[in-house]
Amino acid sequence: MADLPLLRIAPSILAADFAKLGEEIHAIEAAGADWIHIDVMDGHFVPNITIGPAVVKALRPHTDLPFDVHLMIAPVDPLLEAFAEAGADTLSVHPESGPHLHRTLQTIRGLGKRAGVVLNPATPVDELDHVMDMIDLILVMTVNPGFGGQKFITSQLDKIKTLRQKIDQHVAAGGGPIDLEVDGGVDPDTAPLATSAGADALVAGTAAFRGGPGAYADNISALRNAAAAGSKANR
Ligand code: DX5
Ligand code: ZN
């Protein structure tokens with residue numbers, strides 16, 4: 001039997017205990033996380049405030065896992081360098097968070113980081129038409145950004161399917177690999193919907209951190225098993 005497609009689980013520390021983020025990252029890494037998803041919010045682009053570059057920098061020595069940094073800040077350009085220097089591995093931006101997406105992606109790549117574009121539920125796929133060769137990751141929001149614990153918006157599944165085709169065509173034409181990540185309301189019920197639509201990376205906040213550190217390994221394996229069932233259905 002061929003291997004299942006690669007699947008990355010990216011717990012969002014938005015749902016961790018903010019009073020002990022270092023310990024939380026150690027615990028979620030030990031539980032099997034692949035990436036650490038860091039939600040950066042400014043109280044302006046989204047109606048909530050979370051963490052800035054100083055916290056990312058403080059967390060960097062606590063793990064070797066990639067930092068998957070989701071920037072929900074506007075304007076985004078002036079802070080890219082600070083997050084790069086703080087230790088981000090991927091910097092993902094919303095097209096709405098700056099006037100020139102192409103330039104923003106050039107800046108991220110120029111800083112030596114992986115570049116991601118995030119599509120809100122109402123943001124169309126064609127935002128990506130002329131930047132596919134400049135990105136390493138597409139993040140599909142299955143909630144409106146700003147808060148954890150929201151309900152998965154199933155209308156985004158068609159968008160994920162369209163993006164799967166778009167990425168596969170891009171790669172078949174000689175383009176570089178692009179991860180297809182889904183963020184918002186991902187749990188063992190919705191994970192297989194996302195992977196059967198073609199996602200290969202899943203963000204999970206509530207579903208990864210619920211129950212405290214003793215539950216993290218079970219939480220992640222429940223997500224992984226459910227997601228793998230969806231990946232099989234997709235083949
Ligand atoms: C929402 C964030 C998500 C959020 C996911 O703006 O981008 O990453 O933390 O949390 P859950 O998994 O609880 O929906
Ligand atoms: Zn996020």
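Everything quoted here is computed from the prediction, not taken from an experiment. Just the heavy atoms: all of them, side chains too, but no hydrogens, waters or symmetry mates, feed the values below. We count ligands from 1, going down the list as the structure has it; atoms in each ligand are counted the same way.
Distances shorter than 2.8 Å separate the Zn ion (ligand 2) from the protein N/O/S atoms His37 NE2, Asp39 OD1, His70 ND1, Asp183 OD2.
Remark: ligand 1 atoms within the under-4.0 Å shell around heavy atoms of Ala204 are 12 (O). In summary, the atoms of ligand 1 found under 4.0 Å from a heavy atom of His37, numbered by their order in the structure, are 8 (O). Short contacts between ligand 1 and His70, defined as distances under 4.0 Å to a heavy atom of the residue, involve ligand atoms 7 (O). Annotation for ligand 1: atoms under 4.0 Å from non-hydrogen atoms of Met72 are 6 (O), 7 (O). Counting atoms of ligand 1 from 1 in the listed order, those under 4.0 Å from a heavy atom of Gly184 are 14 (O). Close approach of ligand 1 to Val203 (heavy-atom distance below 4.0 Å) involves ligand atoms 8 (O). Close contacts of ligand 1 with Met41, meaning ligand atoms under 4.0 Å from a residue heavy atom, involve 6 (O).
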message = As a quick check of understanding, evaluate side-chain contact (heavy atoms from CB on, under 4.5 Å) for Phe83 and Lys113, giving each step before the final call.
response = CA-CA 10 Å; Phe83 281 102; Lys113 303 300 174 183; over 6 Å; no
query = Passes side-chain contact (heavy atoms from CB on, under 4.5 Å), Val76 versus Leu91? Steps please.
reply = CA-CA 10 Å; Val76 69; Leu91 289 169; over 6 Å; no
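In this structure, the protein non-hydrogen atom closest to atom 11 (P) of ligand 1 is Gly149 N, 3.7 Å. Residue, atom and distance of the protein heavy atom nearest to atom 12 (O) of ligand 1 are Gly205 N, 2.8 Å. For atom 6 (O) of ligand 1, the closest non-hydrogen atom of the protein is Gly146 N, 2.8 Å. Considering only non-hydrogen protein atoms, atom 10 (O) of ligand 1 sits nearest to Gly148 CA, 3.5 Å. Among protein heavy atoms, the minimum distance from atom 1 (C) of ligand 1 is reached at Phe147 O, 3.6 Å.
Considering backbone and side-chain N/O of Leu14, none are found under 3.5 Å from N/O of ligand 1. In terms of polar-atom proximity, Val186 is not counted as a contact of ligand 1, lacking any N or O under 3.5 Å from an N or O of the ligand. For ligand 1, the polar-atom distance check against Met141 finds no nitrogen or oxygen pair separated by under 3.5 Å.
Of all heavy-atom pairs between Glu127 and Leu101, the closest is O-CD2, 4.2 Å.
A 6.0 Å sphere centred on CZ of Arg60 holds more than 12 heavy atoms belonging to other residues, nucleotides or ligands. Enclosure of atom CD in Gln106 by more than 12 non-hydrogen atoms of other residues, nucleotides or ligands within 6.0 angstrom is indicated. In Asp64, the CG atom is not crowded: 12 or fewer heavy atoms of neighbouring residues, nucleotides or ligands sit closer than 6.0 Å.
Within the 4.0 Å heavy-atom shell around ligand 1 one finds Gly185. Put simply, no part of Ala207 is less than 4.0 Å from ligand 1, judged by heavy atoms. Using a 4.0 Å cutoff on heavy atoms, Phe152 does not count as a contact of ligand 1.
Listed for the His170 side chain is a donor-acceptor partner under 3.5 Å among the backbone atoms of Gly176. No donor-acceptor pair under 3.5 Å is formed between the side chain of Thr195 and the backbone N or O of Ala228. Looking only at distances, a side-chain donor or acceptor of Gln156 sits under 3.5 Å from a matching main-chain atom of Pro121. Remark: side-chain polar atoms of Asp34 are not paired, donor with acceptor, to backbone N or O of Ala10 under 3.5 angstrom. Between the side chain of Gln150 and the main chain of Asn144, a donor-acceptor pair closer than 3.5 Å is present. Here the side chain of Arg224 pairs a donor or acceptor atom with the backbone of Gly32 at under 3.5 angstrom. Not one N or O on the side chain of Asp133 forms a donor-acceptor pair closer than 3.5 Å with the backbone of Gly175. Side chain of Thr190 to main chain of Gly185: a donor-acceptor pair is present (N/O by atom type, distance under 3.5 Å, no hydrogens or angles).
For atom 8 (O) of ligand 1, the candidate residues are Thr190, Asp183, Val118; the nearest heavy-atom contact is made by Asp183.
Taking the ring centroids of His70 and His37, they lie under the 6.0 Å cut-off.
When heavy-atom distances to ligand 1 are checked against a 4.0 Å cut-off, Thr206 comes that close through both its backbone and its side chain. Looking at Pro145 against ligand 1, both its backbone and its side chain come within 4.0 Å, counting heavy atoms.
Between the side chains of Asp68 and Thr90, no donor-acceptor pair is found at a separation under 3.5 Å.
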